[in-house]
Amino acid sequence: MNTRILAAAEDAAEKKSANVSDWGGYLLWVGIFAVLILGLYFLMWRAWQKRARRQADLPAPAEAPAEAGTPLLPELAGRYFGSTVAGQWLNRIVAHGLGTRSAADLTLTEKGLRVDRPAAAGFFIPAGDLVEARFEKAMAGKVLPEGGLLVVTWKLGDTQLDSGFRSDHAAEHDAWVDAVNRLGRPLAHHHPSSEPLRGAPLMGDVPAPNGTNKEGTAQ
């Protein structure tokens, strides 16, 4: 009888020891995992800071005018996905808070595009700095379904940026692309070298030298 009791006690002690060992191993792996996560975030933070220092020469966006002007479209409510160097969807801009993804409300007037962000600093793009708007599927490392992003290209100092937005109602994107392009598409998008200047005579109407017309007869 004593032998059975002793054996049962030994079994119980072994089970308790095994449970303690299991918890110890579990806590060890949790600690390792936590250190790895913290290390990853630290490296990301350092990379973010280095990028911000490299972009220190980038000027701050303009402030919105006191008189906002008349909205050209109903306000767009959605999300801001970040900004990149124009045409480089992975070259993210982080200076002046432009790298912070957040909810956003967009207002377009004849004076420009105003971006209000409840969780981050808003910014304003004057109409003269707007270049174009288009559809894309990727921005600042974020990939969405084809055409899921409204991308606005604009000038900040000497640098052209792409800023990505997505409306809560994607059907609004078409109207916004059209309105931004009508407001901000610069003369550089036209080709004046292949078009006559407005008000200038056509080639056939230019008088020939020596007082003769295009048929070679004297005027």
Side-chain angles (χ1 to χ4, degrees), residues 51-52 54-142 144 147-192 195 198:
R51 185 178 290 267
R54 290 198 303 269
Q55 298 169 357
D57 293 337
L58 197 67
E63 294 185 2
E67 296 294 330
T70 303
L72 303 179
L73 290 169
E75 184 180 87
L76 183 150
R79 289 195 63 80
Y80 168 73
F81 282 90
S83 295
T84 67
V85 175
Q88 302 177 29
W89 73 283
L90 289 175
N91 193 354
R92 194 167 184 174
I93 299 295
V94 303
H96 310 298
L98 293 174
T100 304
R101 290 176 178 153
S102 64
D105 297 318
L106 276 61
T107 305
L108 185 68
T109 73
E110 72 279 2
K111 296 184 179 182
L113 175 63
R114 176 172 177 165
V115 181
D116 293 309
R117 298 189 291 166
F123 58 95
F124 180 74
I125 306 172
D129 291 337
L130 289 169
V131 176
E132 68 170 358
R134 64 187 186 279
F135 299 115
E136 293 286 356
K137 65 177 181 179
M139 167 61 59
K142 181 72 173 179
L144 293 175
L149 277 173
L150 166 65
V151 172
V152 176
T153 302
W154 55 292
K155 294 178 290 184
L156 183 58
D158 296 329
T159 305
Q160 284 198 3
L161 306 183
D162 285 339
S163 292
F165 306 92
R166 182 173 174 83
S167 173
D168 292 338
H169 306 285
E172 298 176 338
H173 288 179
D174 288 326
W176 274 81
V177 167
D178 291 341
V180 171
N181 284 337
R182 284 198 304 269
L183 179 64
R185 191 178 292 274
L187 293 176
H189 283 254
H190 299 289
H191 302 283
E195 300 174 1
R198 186 172 297 178

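Along the sequence shown, residues carry numbers from 1.
- Scored by the salt bridge (Lys or Arg N to Asp or Glu O under 4.0 Å) test, R101 finds no partners at all (sequence neighbours excluded).
- For the pair A104 and V115, the tightest heavy-atom approach, listed with the atom from each and the gap, is CB-CG1, 4.2 Å.
- A donor-acceptor pair is defined here as one N or O able to donate and one able to accept, closer than 3.5 Å; no such pair exists between the side chain of H96 and the backbone of A121.
- Nearest heavy-atom pair, F123 versus P61, reported as atom, atom and distance to 0.1 Å: CB-CB, 3.7 Å.
- Note: F165 and Y80 have tilted aromatic rings, judged against thresholds of 30 and 60 degrees for the angle between ring planes.
- Note that CG of L183 and CD of E132 are 13.5 Å apart. Values are rounded to the nearest 0.5 Å.
- Enclosure of atom CG in D158 is not indicated, since only 12 or fewer non-hydrogen atoms of other residues, nucleotides or ligands lie within 6.0 angstrom.
- Taken from CG in L150 to CZ in F135, the straight-line distance is 7.0 Å, to the nearest 0.5 Å.
- A donor-acceptor pair is defined here as one N or O able to donate and one able to accept, closer than 3.5 Å; no such pair exists between the side chain of S167 and the backbone of L76.
- In this structure, I93 and V85 have side chains that are in contact, with non-hydrogen atoms separated by less than 4.5 Å.
- Using a 4.5 Å heavy-atom threshold, the side chains of W89 and D162 count as separate.
- L156 is listed as a side-chain neighbour of L98, based on a closest heavy-atom distance under 4.5 Å.
- The NZ atom of K155 sits 9.5 Å away from atom CG of L130, with the distance rounded to the nearest 0.5 Å.
- Without hydrogens or angle criteria, N181 side chain to A133 main chain gives a donor-acceptor distance under 3.5 Å.
- The OG1 atom of T107 sits 10.5 Å away from atom CG of L72, with the distance rounded to the nearest 0.5 Å.
- With a 6.0 Å radius and a threshold of 12 heavy atoms from other residues, nucleotides or ligands, E110 has its CD atom above the threshold.
- With hydrogens and angles ignored, the 3.5 Å screen pairs no side-chain donor or acceptor of D129 with any backbone N or O of I125.
- Residues T100 and R117 meet the side-chain proximity criterion, which asks for heavy atoms closer than 4.5 Å.
- Contact between A103 and P118 at its shortest, heavy atoms only, is O-CD, 3.4 Å.
- When side chains are defined from C-beta on, T153 counts as touching R134, because their heavy atoms get closer than 4.5 Å.
- Between P65 and K111 the shortest heavy-atom distance is CG-CD, 4.0 Å.
- Here the closest heavy-atom approach between residue L108 and residue A179 is recorded as CD2-CB, 3.7 Å.
- Residue L144 holds its CG atom at 11.5 Å from CD of E136, rounded to the nearest 0.5 Å.
- Listed for the R166 side chain is no donor-acceptor partner under 3.5 Å among the backbone atoms of F81.
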Quiz item: Where do W154 and V180 land on the side chain to side chain contact (heavy atoms under 4.5 Å, CB included) test, with the steps shown first?
Solution: CA-CA 11 Å; W154 55 292; V180 171; over 6 Å; no

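- The distance from atom CG of L106 to atom CD of E75, rounded to the nearest 0.5 Å, is 8.0 Å.
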